[in-house]
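Throughout, residue positions are numbered sequentially from 1 according to the sequence presented. Values reported hereafter were calculated over all heavy atoms of this structure, with side chains retained and with hydrogens, waters and symmetry mates removed.
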Amino acid sequence: MIEGELTELEAEINIAAELIEECIKENAHAALDQAEYQKRYDGLVARFDKTKARHTEVIDPIAERTARKHQIETYLKNLRSREPLTDFRETDWLAMVDYITVHKKNDIRVTFKDGTEIKA
């Protein structure tokens, strides 16, 4: 599950950040071979950057799903609160329809706010 991977990535980011901090402190308090220190530091930063990049790849779809879920829940709440339709009402149309796309004369598509698309 993607949420499990996110948790693992966050833990790895924290570990890498702590190791970088320890590496810097060690270099500040002890006489170290600077070439060796730089190699170790660069490796830790690369580890952190790689994990952070993957974290971004994982968190973006989660954020999109969460936003989409909220949008659908709001749409359904709005829809349930309305009276049954007996006549066309512009307010109901505007509450349900997100946009209409005209591809050509016989290909018109209505996209509803819940993401559903129908060919009109």
Side-chain angles (χ1 to χ4, degrees):
M1 184 174 232
I2 199 165
E3 285 82 4
E5 182 181 0
L6 180 63
T7 302
E8 290 174 11
L9 289 168
E10 288 171 348
E12 175 63 20
I13 287 170
N14 289 333
I15 291 169
E18 289 173 12
L19 290 172
I20 290 169
E21 189 176 318
E22 288 174 19
C23 182
I24 292 169
K25 283 181 184 177
E26 183 181 345
N27 187 51
H29 291 87
L32 300 176
D33 178 296
Q34 288 304 295
E36 188 64 33
Y37 161 76
Q38 193 63 49
K39 182 179 176 183
R40 183 173 164 219
Y41 175 82
D42 291 344
L44 291 170
V45 169
R47 175 180 170 182
F48 178 88
D49 289 344
K50 180 180 176 185
T51 306
K52 185 68 174 157
R54 178 63 186 149
H55 181 270
T56 301
E57 290 174 6
V58 169
I59 203 164
D60 286 348
I62 292 172
E64 288 172 13
R65 268 196 333 225
T66 302
R68 186 80 175 133
K69 178 183 176 195
H70 177 70
Q71 181 184 19
I72 290 170
E73 287 171 347
T74 302
Y75 169 79
L76 290 173
K77 182 180 177 185
N78 187 3
L79 192 59
R80 287 183 186 117
S81 70
R82 298 188 173 275
E83 299 172 18
L85 293 176
T86 55
D87 295 318
F88 175 82
R89 291 188 301 238
E90 185 177 347
T91 55
D92 292 326
W93 175 263
L94 295 173
M96 293 186 301
V97 175
D98 194 14
Y99 58 91
I100 298 174
T101 307
V102 179
H103 295 283
K104 54 187 173 180
K105 184 177 179 179
N106 295 328
D107 189 4
I108 300 171
R109 298 179 191 208
V110 179
T111 303
F112 293 91
K113 291 190 177 178
D114 72 347
T116 305
E117 180 182 274
I118 62 168
K119 187 173 179 179

**Worked verdict on R109 versus I118 for side-chain contact (heavy atoms from CB on, under 4.5 Å)** = CA-CA 6 Å; R109 298 179 191 208; I118 62 168; over 6 Å; no

**Request:** Evaluate the side-chain contact (heavy atoms from CB on, under 4.5 Å) criterion for residues Q38 and D42: first the C-alpha distance (whole Å), next the side-chain angles of each, then the deciding distance (0.1 Å), finally the verdict.
**Result:** CA-CA 6 Å; Q38 193 63 49; D42 291 344; 2.8 Å; yes

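- Within 6.0 Å of OH on Y41 lie no more than 12 heavy atoms contributed by other residues, nucleotides or ligands.
- Side chains of E18 and N14: a donor-acceptor N/O pair is absent below 3.5 angstrom, by distance only.
- How far CD of E26 is from CG of L19: 11.0 Å, rounded to the nearest 0.5 Å.
- The environment of OH in Y99 is sparse: at most 12 heavy-atom neighbours from other residues, nucleotides or ligands sit within 6.0 Å.
- With salt bridges taken as basic N to acidic carboxylate O contacts below 4.0 Å, one links R54 and E57.
- Of all non-hydrogen atoms in D92 and R89, the two that sit nearest each other are OD2-NE, 2.5 Å.
- The distance from atom CD of E90 to atom CH2 of W93, rounded to the nearest 0.5 Å, is 10.5 Å.
- Listed here is the closest heavy atom pair of K119 and D107: CE-OD1, 3.6 Å.
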**Message:** Using the rule given for side-chain contact (heavy atoms from CB on, under 4.5 Å), can you reason through Y37 versus R40, listing the C-alpha separation, both sets of side-chain angles and the distance that settles it, and then say yes or no?
**Reply:** CA-CA 5 Å; Y37 161 76; R40 183 173 164 219; 5.7 Å; no

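- Atom CD1 of residue I100 and atom CD1 of residue I108 lie 8.0 Å apart, to the nearest 0.5 angstrom.
- Considering every non-hydrogen atom in both K113 and A95, the closest pair reads CD-O, 3.4 Å.
- A pairwise comparison of heavy atoms in T111 and E117 identifies OG1-OE1, 3.5 Å as the closest pair.
- In this structure, V97 and V110 have side chains that are in contact, with non-hydrogen atoms separated by less than 4.5 Å.
- Atom CD1 of I15 is separated from atom CG of L44 by 12.0 Å, given to the nearest 0.5 angstrom.
- Between the CZ atom of F48 and the CD1 atom of I13 there is a distance of 6.0 Å, given to the nearest 0.5 Å.
- Closest approach of L9 and V58 over heavy atoms only: CD1-CG2, 3.8 Å.
- With salt bridges taken as basic N to acidic carboxylate O contacts below 4.0 Å, none links R68 and E64.
- Distance check, rounded to the nearest 0.5 Å: NE2 of H55 to CD of E5 gives 10.0 Å.
- Atom NE2 of H103 has more than 12 heavy atoms from other residues, nucleotides or ligands within 6.0 Å.
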